[in-house]
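Start at 1 and go down the list; that is how both ligands and their atoms are numbered.
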Amino acid sequence: MPVLDYEPLVLSPRREVPRLSPIQEEVRALKKERNAVILAHNYQIEEIQQVADYVGDSLGLSYHAQAAKSDVILFCGVHFMAETAKIVNPGRTVLLPDLNAGCSLSDSCPPDRLAAYKAAHPGLYVVAYINCSAGVKAQSDVICTSGNAIKIVQQVPADREILFVPDQNLGQWVSQRTGRKMRLWPGSCYAHVQFTVQALEKVRAQFPGAPIVAHPECVQAVRDLADEVCSTELMVGFSRSHPSDQIIVVTESGMLHRLRREVPDKTFIAGPTDSCACNDCRYMKMNTIEKVRDALKTLSPAIEVPEPVRSAALIPIQRMLDWSKR
Ligand code: 13P
Ligand code: SF4
């Protein structure tokens, strides 16, 4: 497919903090009234990130969800993230602004298919990327995120054969970095696989000298082209410490808002695809500021995870949280 003609999406340094809109002020007031905490993923729209108490990656969000003391956790992300919050902190009301906010990776590995695969191949040690359902987590030995996957896999007993689910691209990257052979579940992130070498070479020619930082959910050819491959959280540190004042960011476009806030003196260029100057996750973008307000008003939609799935899923999540601190 030819690279279409479009202008790159460039966010230049921002010097002033924008004022909150009336609806954002309403959210802030409702948050107080409901004794709620708002946790938002790096891919959320800027309006939501601005009213959140914490904005971060899947790992940071899991720790914050577990530590939350408020009555309500309003989770601005996708379903598996809110589900994880409910698993680690079941005493709180956990809300997700749009229940349809799913994830293609999670969909690629239904719990019954994993159960069938495990039954046909007994003895495998299942490492599950956090982008999966509670039903898959409940059948896993340990969970990982993109931020700690290498560290987690390095701690799996050496005599066990690993099945890595559901992201084949992240799994391949971890396998290459750790030297550990693994069976890979054939799932992928529909958004990250849209980044191509040809689109990135074009943008690199427009911004010579700007390093490319890419998420490990990208395909290998894109990862090989990148100067750094890391989780969304680690992109913040990379951008801060790299000598260049322009950075090409190959992940979902919401990440650029977080980067612009935390590294305000640099220019961020969205990684393009063959058809678009930036790349949005349609699930992450289902959450809107109106839905955030309505969730706080109505205390719905709320996430429930039935027992015994919840307590079975907690074991590998807790193992991840513990191993991650080692
Ligand atoms: P991070 O763990 O890097 O935040 O990634 C989550 C995700 O959904 C990436 O597509
Ligand atoms: Fe899932 Fe990809 Fe969206 Fe992340 S960006 S939530 S992996 S579909």
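Heavy-atom separations between His41 and ligand 1 include at least one value shorter than 4.0 Å. At a 4.0 Å cut-off, at least one heavy atom of His192 sits close enough to ligand 1 to count as contact. At a 4.0 Å cut-off, at least one heavy atom of Asn131 sits close enough to ligand 1 to count as contact. Residue contact annotation: Glu252 has no non-hydrogen atom under 4.0 Å from ligand 2.
In terms of protein heavy-atom proximity, atom 2 (O) of ligand 1 is nearest to Ser58 OG, 3.0 Å.
Heavy atoms of Thr251 found under 4.0 angstrom from ligand 1: none, in either backbone or side chain. The side chain of His215, and not its backbone, has at least one atom closer than 4.0 Å to an atom of ligand 1 (non-hydrogen atoms only; side chain from C-beta on). Of all the heavy atoms of Glu217, the ones lying under 4.0 Å from any atom of ligand 1 belong exclusively to the side chain.
Counting heavy atoms from C-beta outward, Asn42 and Glu233 have side chains that approach closer than 4.5 Å. In this structure the side chain of Asn89 never reaches within 4.5 angstrom of the side chain of Val94, judged on heavy atoms. Residues Glu290 and Ile23 meet the side-chain proximity criterion, which asks for heavy atoms closer than 4.5 Å.
One hydrophobic cluster, built from ILVMFWY side chains closer than 4.5 Å, holds both Leu170 and Met320. Connection of Leu105 to Leu163 is not established within any shared hydrophobic cluster, with ILVMFWY side chains joined at heavy-atom distances below 4.5 Å, either directly or through further cluster members.
Applying the 4.0 Å criterion to heavy atoms of Ser231 picks out, from ligand 1, the atoms 3 (O).
Heavy atoms only, all atoms of each residue included: Met182 and Gly171 are closest at CE-O, 3.1 Å.
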Test salt bridge (Lys or Arg N to Asp or Glu O under 4.0 Å) on Glu307 and Arg310 and set out the steps. CA-CA 5 Å; Glu307 295 290 352; Arg310 189 202 68 82; 2.7 Å; yes
Give the C-alpha distance, both sets of side-chain angles, the deciding distance and a yes or no for salt bridge (Lys or Arg N to Asp or Glu O under 4.0 Å) between Lys285 and Glu252. CA-CA 10 Å; Lys285 294 310 195 254; Glu252 212 271 356; 2.9 Å; yes
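Judged by the 6.0 Å distance and 45° axis criteria, Arg282 is positioned over the aromatic ring of Tyr190.
By the 30° and 60° cut-offs, the orientation of the rings of His41 relative to Tyr43 is perpendicular.
Under 2.8 Å from atom 1 (Fe) of ligand 2, one finds the following protein N/O/S atoms: Cys103 SG.
Judged by distance alone, the side chains of Thr196 and Asp274 do bring a donor and an acceptor atom under 3.5 Å apart.
At least one N/O-N/O distance between Ser146 and ligand 1 falls below 3.5 Å.
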